Amino acid sequence: PMKTATVTAGLAAGLALAATPAFAHGGEAMPSLGSGLLHPLTGLDHVLAMGAVGLWAGIQGGRATWALPAAFLAMTMAGAGLAVAGWTLPLVEAGILASVVIVGLLVARMVALPAVYGAALVGAFAVLHGQAHGADAPAGLGAALYAAGFALTTAGLLVAGLGLAALAGGRLSPVWVRGAGAVTAACGLVLAVI
């Protein structure tokens, strides 16, 4: 738990520094990195889904602890790559909202799946999140910096979910974990109708 808390704090500090106004004065490349860092944070659906994936991975433990976040991050990058290459998948927004509801429900029910199945499920959802991120990518070198930015923030949100799971294993009761999953799923449903 201490190592996870240290990593989470380091990522949060890095994101806070990256979001400072200094990026607005650094030339063309810096806004691309800065906008990439901020992009996952601009949609509640992304924040909820990524945090829930980390939480779900952490409460399952074992191989799932790192397999699920790794699959989510890798497939987010793959989905962004498809978008940058001009491949657009259908129903991206609906799929992103479905990821919030489904992963929220998995957390609420404290469902444990074999790591390979859990990784496949979150990986499929991650392709859609990556599509949304990649659709906003700038051209040229800016795309690589933008992708690095949203990869860092995605990793940070996943680690934050893992950190919450570490707290749940120590100080938080399962009722709080189930409640977090239920609230996440409910938020996904609300976002789907507004």
Side-chain angles (χ1 to χ4, degrees), residues 4 8 39-83 87-136 150-169 172-194:
T4 302
T8 303
H39 190 272
L41 302 174
T42 61
L44 184 59
D45 50 357
H46 295 303
V47 173
L48 290 170
M50 293 170 194
V53 166
L55 179 57
W56 188 44
I59 63 173
Q60 289 185 78
R63 291 181 55 206
T65 303
W66 296 107
L68 274 62
F72 193 94
L73 184 58
M75 296 309 290
T76 296
M77 300 309 292
L82 289 173
W87 292 58
T88 304
L89 298 175
L91 303 172
V92 169
E93 289 303 319
I96 289 171
L97 291 172
S99 75
V100 175
V101 173
I102 291 170
V103 178
L105 290 174
L106 291 168
V107 170
R109 301 288 302 160
M110 296 185 91
V111 173
L113 292 178
V116 66
Y117 297 130
L121 176 66
V122 300
F125 287 138
V127 170
L128 301 173
H129 286 268
Q131 278 272 297
H133 297 326
D136 293 331
F150 74 71
L152 285 171
T153 300
T154 298
L157 290 167
L158 292 165
V159 169
L162 286 170
L164 184 57
L167 284 175
L172 296 177
S173 81
V175 172
W176 288 101
V177 174
R178 290 178 184 273
V183 167
T184 298
C187 286
L189 290 172
V190 169
L191 290 171
V193 298
I194 58 173

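This one's a predicted model, so the numbers in the text were calculated from it and none came from an experiment.
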Asks: Which residue pairs satisfy the side-chain hydrogen bond (donor to acceptor under 3.5 Å, both in side chains) criterion with at least one member in residues 182-194, sequence neighbours excluded?
Replies: none
Asks: Enter the distance from Leu121:CG to Leu68:CG here, rounded to the nearest 0.5 Å.
Replies: 8.0 Å
Asks: Can you check side chain to side chain contact (heavy atoms under 4.5 Å, CB included) on Leu41 and Leu157, steps first, answer last?
Replies: CA-CA 9 Å; Leu41 302 174; Leu157 290 167; 4.1 Å; yes
Asks: Can you name the residues that form a side chain to side chain contact (heavy atoms under 4.5 Å, CB included) with Ala115, not counting sequence neighbours?
Replies: Arg63, Ala64, Ala67
Asks: List the atom pairs, with distances to 0.1 Å, where a side-chain N or O of residues 91-111 and a protein N or O form a donor-acceptor pair under 3.5 Å, not counting sequence neighbours.
Replies:
unit_1 : atom_1 : unit_2 : atom_2 : d
Ser99  : OG     : Ile96  : O      : 2.5
Ser99  : OG     : His129 : NE2    : 2.9

Asks: Identify the two heavy atoms, one from His46 and one from Pro40, that lie closest to each other, and give their separation to 0.1 Å.
Replies: CB-O, 3.4 Å
Asks: Taking all heavy atoms of Gly54 and all of Leu162, pick out the closest pair and write down the distance.
Replies: O-CD2, 3.4 Å
Asks: Provide the closest heavy-atom pair for Ala57 versus Pro69 in the form atom of the first, atom of the second, distance.
Replies: CB-CD, 3.7 Å
Asks: Please tell me if the side chains of Leu113 and Trp56 come closer than 4.5 Å, counting only heavy atoms from C-beta onward.
Replies: yes
Asks: Under 3.5 Å, is there a donor-acceptor pair between the side chain of Gln131 and the main chain of Trp87?
Replies: yes
Asks: Got a second to check how far Leu167's CG is from Leu55's CG, nearest 0.5 Å?
Replies: 10.5 Å
Asks: Throw together a table of side-chain donor-acceptor distances under 3.5 angstrom for residues 72-81, partners on residues two or more places apart or in other chains.
Replies:
unit_1 : atom_1 : unit_2 : atom_2 : d
Thr76  : OG1    : Phe72  : O      : 2.7

Asks: For Phe150, what residues pass the ring pair (Phe, Tyr, Trp, His ring centres under 6.0 Å) criterion, not counting sequence neighbours?
Replies: His133, Tyr146
